[in-house]
Structures are given as C-alpha cells and as structure tokens.
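Here's the structure we're looking at; comments come further down.
Proteins get letters first, then strands, A, B, ... in listed order; numbering begins at 1 in each.
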Amino acid sequence: MCAGPCAELRPVGPSLSEQSWVVSDYDLDLTLGCGQVFRWRQCGSLWIGVVNGRWVELQPGPTGLRARTVPPVPSWDWLAEYLQVHLRLETVLATFPEDVRLQEAVARWRGLRLLRQPAWECLASFLLSSSKRIEQIQQVIERLCRQWGDPISVPAGHPPAWSFPGPERLATARERDLRRCGMGFRASYLIEAARAVVDGSLDLAALRRQPYPVARAALLRLKGVGPKVADCVCLFGLGFFEAFPVDTWVARVLREQYFGGRPIAPEKLAEFGRRFFGPFAGYAQQYLFHDRRTAGKAPLRIGSPALDRGS
DNA sequence: TGCCAGGCGCACA
DNA sequence: TGTGCGCATGGC
C-alpha cells in the first residue's frame, strides 16, 4: 500500500497512454501481492510498479485489466507478456490432480496468476531473497533500485521511480557498496551473477529455449543459487511452468499434508511436486504457498468452480 | 533477547 | 549422501 494520500497521486489522464485487456479469472491484488514479485505498491484500487524500465499503473476492471504508462508506447506486447493476459486460467486448473488440499487452495485464491518477469530482475531478486521475509526483500530491492538503477519518467505528481539495475551496472559494483542496501552476504552472489551474464557464461535469453532441466542446471552453477532459487527463476522468469520451488512454506505444507509430517528433504519434495501436480506444477506451488502463508485469513468461496468440479 | 525469514555453501561424518 | 552450522539483516 502506498504511504501517501492516493488521491493526490492520480496521474493527469490525457498525458498517459492507456491499454486494456479483456481477461477473466485474473485477480490483480493476489497476483501482485502473493510474493512472486517485489516492486509493486498498492494505492487504493491501483497498483503502481516498474516493468522493463517503465513506470506502470494497473487497475482491475469488470472485464479485465487496464494499464497506463508514460508515452510513447509503440507496442504493449511487453506488458501483455509480463502479465500473461493470453493464458486461460481454466486451462491451467484443468491439469491439476483431484487433490483436496490443492482444490481448497484454488477455491480460496482463484484468480492468482503467475507473471513472466524479466529474467535478470527475477534472478537478482531471488538471489537476494534467501532467508529473508518478503517485506525485507521488497525493502532491499527498493534500495538497490534507488542506488543503482536509472531514474525513469513518471507522471506529474508521482514520486520518483527507478529502473531495476542491469547486470552491466552491478558487475562493476563493489561488494561493500551493495551491502549498504541491506543485502548482507548476498552481495557477492549478486555481483558474481551479474558478471556471469556480462561475460556471456550465463545467457538468460538462451535458457528460455532450453529444456527445463538444462536451464535449471545452468542456474545452479551460480554461487548463491540453490534448488529453490533456480526453480523460482525457471518459473517466474523463464516460463517453465513445471518448475516447483520448495521454500520453507511449501516444504511445510507438503510434509504436513502429503507425508504425515515426516522430514522429507526439499529436493525430494520438489521431485514429488513436479510429478504429482503435473505440467503446471509451478502454478500449484504458488497456490499452496500463498494458502499456507496466509493460513486462516480467507474463507473458502462456496460454489467456486474449482470445488464444483468435484474433489 | 531470542527467534525466524520464499536459502545456500561448506565442513564433516 | 545427509546433517549441522554460519552467514547479514530486520521485524516481532
């Protein structure tokens, strides 16, 4: 939520470019607030963030989504891709197994979508995420962008905003300077990853065209990238829907619900997740993650299509 | 003050 | 191959 009075931040309409998409089963609040992405701020019914170095305002509507940004905007493909507006959620849900635990989570949080984040931003963000709370990750990334990103155009009356710093910028940064953002021991990981991208030993764009195990293995070669971070990048940044990140919350729910509380190793849980939940296991993971993390905060939506399918 | 967080690397058994 | 600990930081 934004800190200031939202009414004062409303942009001057005619100066902004606007685009709408008709899309169903899309809950913007859930999608931007579920912990898969760290740079969006809610301001009433609006969400304000930065995508591909552009200031963006999003608003949910009765038939879909509306977006506004600072012109010129030759094409909106970049934002459509980011928001994944072309994906029918029903197609995803139809692949899920008849599993009570998952169907309950879907019923509670239907409309939660996965974004397709810029790969470098996704990798850098999740490198900084280890052993931190989501709120702390947001703070660190905000400081990182303020200090190392470039100022971008924002509408009149809005606070300044910065792009996410590219690998070229961070590859030459000093560790002690990065640590001032509050990232601690993760600073060296970030610098090494940036250097790998810059020197070409890690080609993130090429990884999109590789099979999931190949892309995952390439990410695992980076210092500071373990199975969980690699799967987050595969899922949120590279578009591998079969990736199944196992963090503390997902491990907890899997052990509780599927293994009788036994201490199964995270890698075994990831294998189970990919096999049991199918080609969109990553989507299932995000529903289980959000459901477990917000346990007890939302009632089941009685009559939800997910439950009506019978499970 | 202690615990824990969208983990990971490393030493050791 | 599995286990335990240290690593920075900040909120509760």
Length of the CD1-P vector between Ile137(A) and dG11(C), whole Å: 14 Å

Select one nucleotide: of dT9(C), dC10(B), dG7(B), the one nearest the side-chain heavy atoms of Asp247(A). dG7(B)

Just by distance, with hydrogens left out, do Gln59(A) and Arg66(A) show a side-chain donor and acceptor under 3.5 Å apart? yes

Selection from dG11(C), dG6(B), dC8(B) that lies nearest to any side-chain heavy atom of Gln285(A): dG6(B)

Using the benzene-type ring in the case of Trp, are the ring centres of Phe280(A) and Phe96(A) under 6.0 Å apart? no

How long is the line joining CG of Leu127(A) and P of dA8(C), in whole Å? 15 Å

Which whole-number value in Å describes the distance from Leu32(A) CG to dG6(B) C1'? 17 Å

Is it the case that the base of dG6(B) and the side chain of Gln286(A) share a donor-acceptor contact (distance under 3.5 Å, atom types as modelled)? yes

State plainly whether the residues Glu142(A) and Arg146(A) are in salt-bridge range, i.e. N to O under 4.0 Å. yes

Taking atom P in both dC4(B) and dG6(C), what distance in whole Å separates the two? 15 Å

Just how far is it from atom CG of Leu58(A) to atom CG of Leu83(A), taken to the nearest 0.5 Å? 5.5 Å

Distance check needed: dG6(B) P versus Leu112(A) CG, whole Å only. 16 Å

Please compare Gly224(A) and Phe126(A) by the position of their nearest nucleotide in DNA chain B and report the one closer to 5'. Phe126(A)

Residues Leu16(A), Val70(A); criterion side-chain contact (heavy atoms from CB on, under 4.5 Å); working and verdict: CA-CA 5 Å; Leu16(A) 293 178; Val70(A) 179; 4.1 Å; yes

Salt-bridge contact Asp231(A)-Lys228(A) (side-chain N to carboxylate O under 4.0 Å): no

Could you tell me how far dA11(B) sits from dA8(C) if I compare only their P atoms? Round to whole Å. 16 Å

Under 4.0 Å, counting only non-hydrogen atoms across every strand here, what does Val225(A) touch: a base, just sugar-phosphate, or nothing? sugar-phosphate

Establish whether the base of dC7(C) is bridged to the side chain of Arg186(A) by a donor-acceptor pair shorter than 3.5 Å. no

Touch class at under 4.0 angstrom, heavy-atom based, for Leu178(A) against every strand present: nothing

Ring-ring centroid check Phe272(A) Phe244(A), cutoff 6.0 Å: no

Using a 4.0 Å heavy-atom cut-off, does Glu135(A) contact any base of the nucleic acid, only the sugar-phosphate backbone, or nothing at all? nothing

Roughly how many Å is it from CZ in Arg292(A) to P in dA5(B), rounded to a whole number? 10 Å

Would you say a side-chain N or O of Arg133(A) is under 4.0 Å from OP1 or OP2 of dA8(C)? no

Same-atom distance (P) from dC8(B) to dG11(C), integer angstrom: 24 Å

Under 4.0 Å, heavy atoms only, any strand: does Gly182(A) hit a base, just the sugar-phosphate, or nothing? sugar-phosphate

Let's see if you can work this out: which of dA8(C), dG11(C), dG9(B) has an atom nearest to the side-chain heavy atoms of Phe185(A)? dA8(C)

Can you tell me the distance, in whole Å, between the CE atom of Met183(A) and the C1' atom of dA5(B)? 17 Å

Comparing Gln139(A) and Ser130(A) on DNA chain C - which has the more 5′ nearest nucleotide: Ser130(A)

State which of dC8(B), dA8(C), dG6(B) makes the closest approach to the side chain of Ser131(A). dA8(C)

Calculate the interatomic distance between Leu190(A) atom CG and dG9(B) atom P; express it in whole Å. 15 Å

Is Phe289(A) stacked on the base of dG6(B), meaning ring centres closer than 5.5 Å and planes within 30 degrees of each other? yes

Base, sugar-phosphate alone, or nothing: which one does Phe38(A) contact when heavy atoms must sit under 4.0 Å apart? nothing

Check every strand shown and say whether Pro266(A) touches a base, only sugar-phosphate, or nothing at a heavy-atom separation below 4.0 Å. nothing

Whole-Å distance separating the NZ atom of Lys228(A) from the P atom of dC8(B): 7 Å

